Amino acid sequence: MVMNIKNFFKKDSSSYNKEKLLIHDEKRNGCCIYFNNIRDFAKKAIEMGKNDPRKIIFSLKMGFALFFVSLLIFWKEPFPEIAQFSIWAILTVLIMFEFTIGGTLIKGFNRGLGTLFAGMLAFIFAQLALWAGEWEKVVWVVSIFIVAFCGTYLKLYPTMAPYEYGYRVFILTYCILIMAGNRTGGYNVAILTRLALIALGACICLIINIGICPIWAGEDLHRLVIKNFMDLATSLEGCIDGYLNCVECDESTNHSEYNGYKSVIESTSREQTLLGFAIWEPPHGRYKMHKNPWRDFVKLSSELRHCAFMVMALHGCIQSKIQAPPEKRKVFQNELKRVGIDATNVLRELGTKLGKMEALNSHENILKEVHETAQNLQKKIDNKSYLLVNSKNWEIGKPNIINNFDDSSNENGSSENLPLNFQSLSETAIDIRDLHTPQYPKDQLVTKSMLFNKQNHWPSCLSLLDGEKIDTIDEIETYLSASALSLATFASLLIEFVARLQNVVDCFEELSQKAEFKEPISVKS
């Protein structure tokens, strides 16, 4: 009995020690995870500063602005009220100070306009409150209701959306001015002191933000449009190479070489934000032209986005379940690749000239080569169109087809029942009967592995399960015809891309005239 009790306490103490060790290990692991998160956060913060040093400069400028404004706290004479109400200048700096000059100016405009109108109304209602005597509190309470109702209703007007922040400042400033004046009893002194401090904070904000390493939204918009040209060129090049090399669907899903078009399509909101800031910026640097070119930059990027939709469709062909056999792609390989090279050269040249702000050469057609290669591709499609359809079902070339027609139809001159007596361009180039196509005995069951080899072709990955078999030759021909049409789709999308380049070039020339791009340097041989 005594031994059983001792064993019980030994087991209890051992289990207690194990639980204690587990709790200790969990705490240690939790501390390690916590410190690892802090270390990763610090690494990412440092990396962010290295990638874009302007963020460090902006933070330093914000610190300097608040440093100078906070000195008002120690102001004593004259006007001791300045130290008491210095928080208004500090709040103005915090509200107005934006990353770009355009953002600062538009915030300052909204802040100044809202404050100005709030001060004017505060003066008017303050005088009315003083004249009202015993009804003073009723006047300023009713005035707050009227101002809040009018300001809130007007900011909902569609064209007032850019000034929504100004309406908020207007309502907030008016309420604070009226309440402060009611508390101190001196409406005029409270209103004038706060307006002066707001103006002082705005001036310090503008001087520091513009005077020290200014960050212009227009330059960011310019660089964004250039990046869109380069990303689209890389994406187009990658899609064509991937299609000709029969890249698997999984390999092209998240590869940056193929997905560059996504950044072009998704840049719309970024462009609109930068445009809203850039139009407020004064002429500066190499943008000293009288006419504001920023809307034309966005228009150019919009036309480029229409080309990006075509590249997205080309990428969809790579991910499609219906794939053309590699041997058919090789027939059009040279033409497809040449069109891709010339099109990417056009995009990169436009992007380079946009970066240099250099106009196109008026004596040369930048689209001449890509148009010629696109025409060659179209001719190749015409000559080899029998590879893109099931030519066995054509009415052209069927034997004894003329004998099937009634002689009376020829006598009546009816053109509807006349047999087709002109062959297509593809048939004149080569005899369809001489084509090498896979032949399978009718009594043989054909598996999907016999039809497709490198890439999963439809219907093997669409409707067939492992072990299923295709029983008829008609089904095989249907599948082969559908897969061949996917090649025609890819080629037609590429030709459409070339056609859309004309609109991009037209917008570029329009931008170069408005933005006064410099003339290209002609190299004399």
Side-chain angles (χ1 to χ4, degrees), residues 65-66 69-70 72-73 75 79-98 102-206 209 272-273 275-277 279-280:
L66 289 176
V69 173
S70 63
L72 295 173
I73 299 174
W75 188 280
F79 307 112
E81 297 86 1
I82 292 178
Q84 181 182 357
F85 302 122
S86 59
I87 188 64
W88 285 80
I90 296 175
L91 288 175
T92 301
V93 172
L94 288 172
I95 292 172
M96 280 186 56
F97 215 94
E98 288 289 330
T104 302
L105 290 175
I106 192 173
K107 277 288 186 70
F109 176 79
N110 280 277
R111 173 81 169 164
L113 199 63
T115 303
L116 178 62
F117 280 102
M120 293 171 59
L121 284 178
F123 269 116
I124 295 173
F125 281 105
Q127 294 299 323
L128 291 176
L130 292 175
W131 293 340
E134 296 180 356
W135 297 91
E136 178 183 357
K137 295 182 179 180
V138 176
V139 171
W140 64 259
V141 169
V142 172
S143 69
I144 289 177
F145 170 78
I146 295 173
V147 169
F149 169 77
C150 295
T152 304
Y153 183 75
L154 289 176
K155 78 176 183 179
L156 298 177
Y157 194 74
T159 57
M160 293 295 174
Y163 310 104
E164 190 266 346
Y165 170 73
Y167 282 104
R168 290 182 181 273
V169 171
F170 166 70
I171 298 172
L172 176 64
T173 304
Y174 179 81
C175 294
I176 294 177
L177 289 176
I178 288 295
M179 292 179 180
N182 178 73
R183 187 183 70 252
T184 60
Y187 288 100
N188 296 340
V189 175
I191 293 171
L192 289 175
T193 303
R194 285 159 177 77
L195 291 178
L197 288 172
I198 289 172
L200 179 62
C203 290
I204 293 175
C205 181
L206 291 174
N209 204 5
Q272 293 299 326
T273 302
L275 174 63
F277 294 155
I279 57 178
W280 284 86

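In this text, all values refer to a predicted model and were calculated from it rather than measured experimentally.
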[atom1] of [X] to [atom2] of [Y]: how many Å apart, nearest 0.5 Å?
{"X": "Leu121", "Y": "Ile171", "atom1": "CG", "atom2": "CD1", "value": "11.5 Å"}
{"X": "Phe123", "Y": "Leu128", "atom1": "CZ", "atom2": "CG", "value": "13.5 Å"}
{"X": "Arg111", "Y": "Leu105", "atom1": "CZ", "atom2": "CG", "value": "15.5 Å"}

Over all heavy atoms of both residues, which pair between [X] and [Y] is shortest? Give the atoms and the distance, please.
{"X": "Tyr167", "Y": "Lys155", "answer": "CD1-CB, 3.5 Å"}
{"X": "Leu195", "Y": "Gly119", "answer": "CD1-CA, 4.4 Å"}
{"X": "Ser86", "Y": "Leu72", "answer": "CB-CB, 3.8 Å"}
{"X": "Ala83", "Y": "Ile73", "answer": "CB-O, 3.4 Å"}
{"X": "Ala202", "Y": "Thr92", "answer": "N-CG2, 3.7 Å"}
{"X": "Cys205", "Y": "Thr104", "answer": "SG-CG2, 4.0 Å"}

Practice prompt. Show your reasoning for whether side-chain contact (heavy atoms from CB on, under 4.5 Å) applies to Glu98 and Ile106.
Written response: CA-CA 9 Å; Glu98 288 289 330; Ile106 192 173; over 6 Å; no
### Query
Is there a side-chain contact between Trp88 and Ile176 (heavy atoms, below 4.5 Å)?
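With C-beta onward as the side chain, the pair touches.
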Exercise. Which word best sums up how the rings of Phe125 and Tyr174 line up, parallel for under 30°, tilted for 30 to 60°, or perpendicular for over 60°?
Worked result: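 Perpendicular.
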inquiry  = When you measure from the side chain of Asn110 to the backbone of Glu164, do you find a donor-acceptor pair of N or O atoms at a distance under 3.5 Å?
reply    =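 Checked: no pair found.
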Using the rule side-chain contact (heavy atoms from CB on, under 4.5 Å), only one of Asn209, Leu91, Leu206 pairs with Met96; which is it?
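Only one of Asn209, Leu91, Leu206 forms a side-chain contact (heavy atoms from CB on, under 4.5 Å) with Met96, namely Leu206.
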Check your understanding: Testing Val147, Leu116, Thr115, Leu113 for side-chain contact (heavy atoms from CB on, under 4.5 Å) with Phe170, which one passes?
Key ->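 With Phe170 as partner, side-chain contact (heavy atoms from CB on, under 4.5 Å) holds for just one option, Val147.
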